[in-house]
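Pasting a structure here, questions to come.
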Amino acid sequence: MAQKNLIIVESPAKAKTLSKFLGPGYSVKSTFGHIRDLPKKGLGVDKEHGFKPTYEIGIDKQKVVNELKKTARGAVVWLASDGDREGEAIAWHVSQALKLRPQVTKRIVFHEITKPALSAAMDHPRAVDMDLVNAQQARRILDRLVGYELSPMLWKKIQPGLSAGRVQSVAVRLIVEREREIQGFKTKGQFKITADFMAGGHKLPAELKEKLPALKVAEEFLNKANGSTFRVNGIQTKAGKRNPSAPFTTSTLQQEAARQLRFSVKQTMTLAQRLYENGHITYMRTDSTNLSELAISEAERYILKNYGARYSDPKRYKTSVRSAQEAHEAIRPTGFARTVAGADEQQRKLYQLIWRRALASQMSPANLQNTELTIAMSDFQIPFIAKGEILNFDGYLKVWGGAKDDVVLPPIKSGQKLKLLAMTALETFTKPLARYSEATLVKKLEELGIGRPSTYAPTINTVQSRGYVEKKDLEGSLRQVQSITNKSGKISMHTQELLVGADRGKLVPTPLAEMTTDFLMKHFTDIVDYDFTARAESDLDKIADGHLTWQQMIKKFYAGLEPLLARSAKVSRAETVPLRELGTDPATKKPIFARYGRFGPFLQRGEAKPKKDQDTLNKPVFAPMPPSTTLDNVTLEQALPMFKLPRGVGQTEIGEPISADIGRFGPFLKINSEFISIKGRDPMIINETQAREIIKEHRDKKAKQTIRDFGDIRVLKGRYGPYVTNGVKNARVPTGQEPANLSLEQCRELLKNAAGSRKRPRRRSKA
DNA sequence: CAGTGAGCGAGCTTCCGCTTGACTT
C-alpha cells in the first residue's frame, strides 16, 4: 500500500490551493490557527516553578484536533505552517497535541503557494526549531503576565472589567497623550499674503514666502506694497520624480482603504478575507512588501501589453517595518489580468485598490518639471514665490491615479518687471496634530513595532469596547477670520466666519482612559513605554538564535514587575480616580462633587467623610450624572437638579405611581417593578401625559412580540425568528415547529437543551 | 438591565496572536 501523507497548514484556503498540486496519497488539513493556548481562566503560568506554562486545547479546537489525529494515524505528517515565530509554535503544538513520532514528522516551510515551491520545500524537510518555538513561548508568557497581573489591579483601583496589555495600553496612551496635546495647544493666528501679478498679458499668482505675524503688520505690508515695484529675480527649473509606493501590507491597505474608500479597519479586513477565500488576492494579514518572482513577471507582461515598455519598471521592495516577520507576500491580486473581482460593490472597490497599487508598484516613476519664480519687492527682504508644475510623463499615475492638473507659468525673463493687480492677507491658524483615526493609529502602532497584522483590527475594537476610546465625528467650531484685500490700490478689511476642526471618525479618549493611562504611567512606566515591545523583541531574537533561554528572559522581566505590583497594590482608589468640586449647593450650603466610582461617574453632595461627632444627616447624598455630560465638563447648574431624582411624574390610568430616574442605562420610567427606557428624553421635564403614552406604546409593543406567555417562560418574536426565553437563557424555536403551539413542557425542554447564553461584554456607563 | 459609590467579603472580569464560522434576540 502506498504511504499516506498528511500536510498540515493554518488556513483552509491555503489547504484548498495546496491540495490541487498533490496527487492521491496526500491529504491537506488546516488547524484554523493556534490549536493550544494558556487557559483562559487563571494565569496558566507557574511562577514558583520556572514559569512553566500549562497549555489547553480550547473547546472550539477539540474537533479540529480530533480530525487531525484521525488523519495522522499511520501517515507521514508534514507540518507546513508559516515560517515565523507563531507558525513554528503552531507546528510544535500540533506535534505535541497529536503525539507525533519524530521519525514520521517533517517540518517544511515555503513562501509561495505554488507547486514548485511546495516540491522544493518537501525535498528539504527539517525538525521543529525549538529555539524559535521558545521565543514564541516567551512572547506568549510575557503577554499573559502583563495582561493578567495588571488588569486585576485596574479592577481594584479603577473599575471592574477593565483591561491592560502590552499592546492595548500603549494604543490608549497614544490617544490620551494626543488629546492632551490638542487640548493644551495654543493656536496662533498668522497672515498668509497672496498676490496676483500681470506679466506680459498673463496673470501670475504668487505667495509671500513667509507668513506675517499680526493684523497690523499685514495691513502695513499691503499699504507698503501699493507704492512698491516688483521684479523677477530668479527662475529655477528642476526635474522632479514621483515614485510608486510598495504594494500593500495589512497596515497600508487599512490606511488607504480608510482614506480612499472610507472603510473602517474591520470592514477592510472582512472584505479582504472574502476576496482571499475566493482566490482573488493573496493572504491579507502580512507585513511584507515582497512580491513573488511569478507575480513580478506577470505584472511586467501585463504592463508591456497594455501600456508599453516605457511604463514598465519591475522592482523588488524591501520591507522597512522593523518588526516584520515576512511569512507571507505583499497583498496583491492572484492574477493581474483579472481587472475586476468581488461579489459585491465594496469587495470590487477594495479589489480595484489592491490591483492598482500592486500593478503601479511595478511601473515607472512619473516625471515632473517644477519651476519656481522668485519675485522681489522693492525695500522688502522676503520675496514672493510662484510655482509651476508640469507632468512630462505620467508613469505609474496612469494606473494609480492622482495626477494633478499642470500649473503652467507664463513666459517670463529674469529681471522682468511685474505689475501688481491685487493682494490679499488672509488670517490662518496654526493647527495641533490631528487626532488619530483607526487607520492612523494602526500606522503609528506599526511604526512602534507594536502589534501584528492579525491583531490591528481586534486591538482597535478592544480599546473601544472597554470604554477607553470613542470613535467620533467632530462638529468643529466657528471662528472669526480676518482678511485684508488690496484691489487696484484700494485697501479694505473683512471678517468672515469659518468652520474649523470638523472631522470624521476620530478616536477620542474617555475619562476612563485618562485615569487608566495615568495609573499605568505612574506605576508601570516601563510597560507602557513606547519602546517596551522593541526591547522585548530584541530579547526574543536572542532566544530564537539560541543565545538566551526563555526562562532567563521571563525571570528577569518578572523580577522587575513584582515590586511594581506590590507597590501599586497599596495605593487607594481615592488616589487613582479624580474628584472635582463643582461648587456649593445654595440650598444646603454643601459642596457638590463629581466623582468616579466603581460603576462610573456620579455626583455627590456633602463631604465623603463627615466629622466623627456629626450625625447621619451629614452623610453624603449621591445622584446620577446629567445625560451627555462628562466628569470634565459637568457644571454646577446641570448637577443641582439631579439630586431631585427620582422624580414623581404622576399616575397611570389605573392609579399606579410613575417615577422618572436615570440609571446605568440612561433615563427610565418606573411603574412598580416595570422599567421603561426613555433614552433621549429628559426625566426632569417629562409629564404625565407623555409618560402614559410611552408606557402604552411600550406595553403594546411587548404584547405584539409575545407569542405565548407562561409567566416566567415566554415565547417571543425576535430578530432571528421566534424564540423561547426565561429571562436568563434564550432558545431558538426549531424550524418546522409552530411557535404558537408550544406547550410549557416543550419550552422547558428547549431551554434545558439550549447552550448557556454567551457572555456579552459588560456595558459600561459612559464616563 | 434599571442597587451603588470607602473597603471588606465570594465570584466574576483580563492578555496577544493565529485562524474561521457560530452566534446573536
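Quick note on labels: first sequence line is chain A, next is B, and so on, each numbered from 1. These numbers come from a predicted model, not from an experiment.
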Rounded to whole angstroms, how far apart are NZ on A:Lys157 and C1' on B:dC8?
12 Å
Determine: side-chain N/O of A:Thr455 to OP1/OP2 of B:dG17, distance under 4.0 Å, yes or no.
yes
Mind calculating the distance between NZ (A:Lys41) and P (B:dT14) to the nearest angstrom?
10 Å
Candidate nucleotides B:dA2, B:dC16, B:dT20, ranked by approach to the side chain of A:Asp37 - the nearest:
B:dC16
Report yes or no: do A:Thr533 and A:Arg166 form a side-chain donor-acceptor pair below 3.5 Å?
yes
With nearest nucleotide decided by heavy atoms, which residue, A:Phe675 or A:Ala623, maps closer to the 5′ end of DNA chain B?
A:Phe675
Describe the nucleic acid contact of A:Pro12 in one word from base, sugar-phosphate, nothing, applying a heavy-atom distance below 4.0 Å.
sugar-phosphate
Atom-pair distance (CG on A:Asp287; C1' on B:dG17), nearest Å:
13 Å
Any salt bridge (charged side-chain N to carboxylate O under 4.0 Å, His left out) involving residues 51-63 of chain A? Give me the pairs, sequence neighbours left out, ordered by first then second residue.
none
A:Arg144 side chain near B:dT14 phosphate (N/O to OP1/OP2, under 4.0 Å):
no
Mind checking A:Ala164 for me? I need base, sugar-phosphate or nothing, with any heavy atom below 4.0 Å counting as a touch.
sugar-phosphate
I need the CD1-C1' distance between A:Ile57 and B:dC18, as an integer number of Å.
16 Å
Within this structure, what is the NZ-to-P distance between A:Lys63 and B:dG21, rounded to whole angstrom?
11 Å
Partners meeting ring-ring contact (aromatic ring centres under 6.0 Å, His included) with A:Phe32 (sequence neighbours left out):
none
Check the geometry between A:Trp155 and B:dT14 and answer yes if their rings are stacked (centres below 5.5 Å, planes below 30°), otherwise no.
no
It should be established whether A:Ser11 places a side-chain nitrogen or oxygen under 4.0 Å from OP1 or OP2 of nucleotide B:dT20.
yes
Using a cut-off of 4.0 Å on non-hydrogen atoms, how would the nucleic acid contact of A:Thr31 be classed: base, sugar-phosphate, or nothing?
nothing
Using the test ring-ring contact (aromatic ring centres under 6.0 Å, His included), find all partners of A:Phe51 that sit at least two apart in sequence or belong to another chain.
A:Tyr558
Which pairs count as side chain to side chain donor-acceptor pair (under 3.5 Å) when at least one residue sits in residues 78-89 of chain A, sequence neighbours excluded?
A:Asn5-A:Trp78, A:Lys14-A:Asp82, A:His34-A:Glu86, A:Ser81-A:Arg107, A:Asp82-A:His328, A:Arg85-A:Glu537, A:Glu86-A:Gln136, A:Glu86-A:Arg139, A:Glu88-A:Arg107, A:Glu88-A:Arg126
Would you tell me if any nitrogen or oxygen in the side chain of A:Arg85 comes within less than 4.0 Å of OP1 or OP2 on B:dC18?
no
Residue list, ring-ring contact (aromatic ring centres under 6.0 Å, His included) with A:Phe602, at least two apart or on another chain
A:Phe622
Please state whether the phosphate of B:dA6, meaning OP1 or OP2, lies under 4.0 angstrom from any side-chain nitrogen or oxygen of A:Arg595.
yes
Within the 4.0 Å heavy-atom criterion, would you say A:Arg573 contacts the bases, only the backbone, or no part of the nucleic acid?
sugar-phosphate
Test your reading of the model: is there a side-chain donor-acceptor pair from A:Thr282 to the backbone of A:Glu329, 3.5 Å cut-off?
no
Would you kindly check whether a donor in the side chain of A:Arg452 faces an acceptor in the base of B:dC16, or vice versa, at under 3.5 angstrom?
no
Using a 4.0 Å heavy-atom cut-off, does A:Lys156 contact any base of the nucleic acid, only the sugar-phosphate backbone, or nothing at all?
nothing
Ring of A:Tyr148, cation from A:Arg144 - is the NZ or CZ under 6.0 Å from the centre and inside 45° of the axis?
yes
If one requires at least 3 consecutive Watson-Crick or G-U pairs with distances under 3.5 Å, the stems of DNA chain B turn out to be none
Taking any heavy-atom pair under 4.0 Å as a contact, classify A:Val167: base, sugar-phosphate, or nothing.
sugar-phosphate
Does A:Arg173 make a cation-pi contact with A:Tyr530 (under 6.0 Å, within 45 degrees of the axis)?
yes
Go through B:dT20, B:dC18, B:dT13 for me and flag the one nearest to the A:Phe32 side chain.
B:dT20
Is the base of B:dG5 stacked against the aromatic ring of A:Phe622, taking ring centres under 5.5 Å apart and planes under 30° as the test?
no
When the distance from CG of A:Leu520 to C1' of B:dT14 is rounded to whole Å, what number comes out?
13 Å
Give one of base, sugar-phosphate or nothing for A:Gly33, where a contact means two heavy atoms less than 4.0 Å apart.
base
What nucleic acid atoms does A:Gln273 come within less than 4.0 Å of, heavy atoms only: base, sugar-phosphate, or nothing?
sugar-phosphate
With respect to the phosphate group of B:dC16, does any side-chain polar atom (N or O) of A:Gln168 fall under 4.0 Å of OP1 or OP2?
yes
Looking at every strand, decide which applies to A:Tyr456 at a 4.0 Å heavy-atom threshold: base, sugar-phosphate, or nothing.
nothing
At under 4.0 Å between heavy atoms, what does A:Arg139 touch on the DNA or RNA strands: base, sugar-phosphate, or nothing?
base
Is any side-chain N or O of A:Arg140 under 3.5 Å from a base N or O of B:dC15, one able to act as donor and the other as acceptor?
yes
What is the distance, to the nearest angstrom, from the CG atom on A:Leu579 to the C1' atom on B:dA6?
13 Å
Nearest listed nucleotide, side chain of A:Arg166, among B:dC16, B:dG5, B:dT14:
B:dC16
Please work out if A:Gln136 contacts a base, only the sugar-phosphate, or nothing of the nucleic acid, heavy-atom cut-off 4.0 Å.
nothing
For nucleotides B:dC1 and B:dA22, find the distance between their C1' atoms and express it as a whole number of Å.
26 Å
Does A:Arg36 count as lying over the ring of A:Trp92, i.e. NZ or CZ under 6.0 Å from the six-ring centre, within 45 degrees of the axis?
yes
Just to be sure I understand the rule, does A:Gly87 reach a base, reach only the sugar-phosphate, or reach nothing, if contact means heavy atoms closer than 4.0 Å?
nothing
Check every strand shown and say whether A:Thr462 touches a base, only sugar-phosphate, or nothing at a heavy-atom separation below 4.0 Å.
sugar-phosphate
So, is A:Arg274 near the phosphate of B:dT20, with a side-chain N or O under 4.0 Å from OP1 or OP2?
no
Which nucleotide in B:dT20, B:dT25, B:dT19 has an atom nearest any side-chain atom of A:Tyr723
B:dT25
In whole Å, I'd like the distance from the CD atom of A:Gln159 to the P atom of B:dG5.
15 Å
Any side-chain donor near an acceptor of the partner, A:Arg285 and A:Tyr283, under 3.5 Å:
yes
If you pin A:Ile90 and A:Ser572 to their nearest nucleotides in DNA chain B, which one's is more 5'?
A:Ser572
Proximity to the side chain of A:Tyr283 - top-ranked nucleotide from B:dG17, B:dC18, B:dT14:
B:dC18
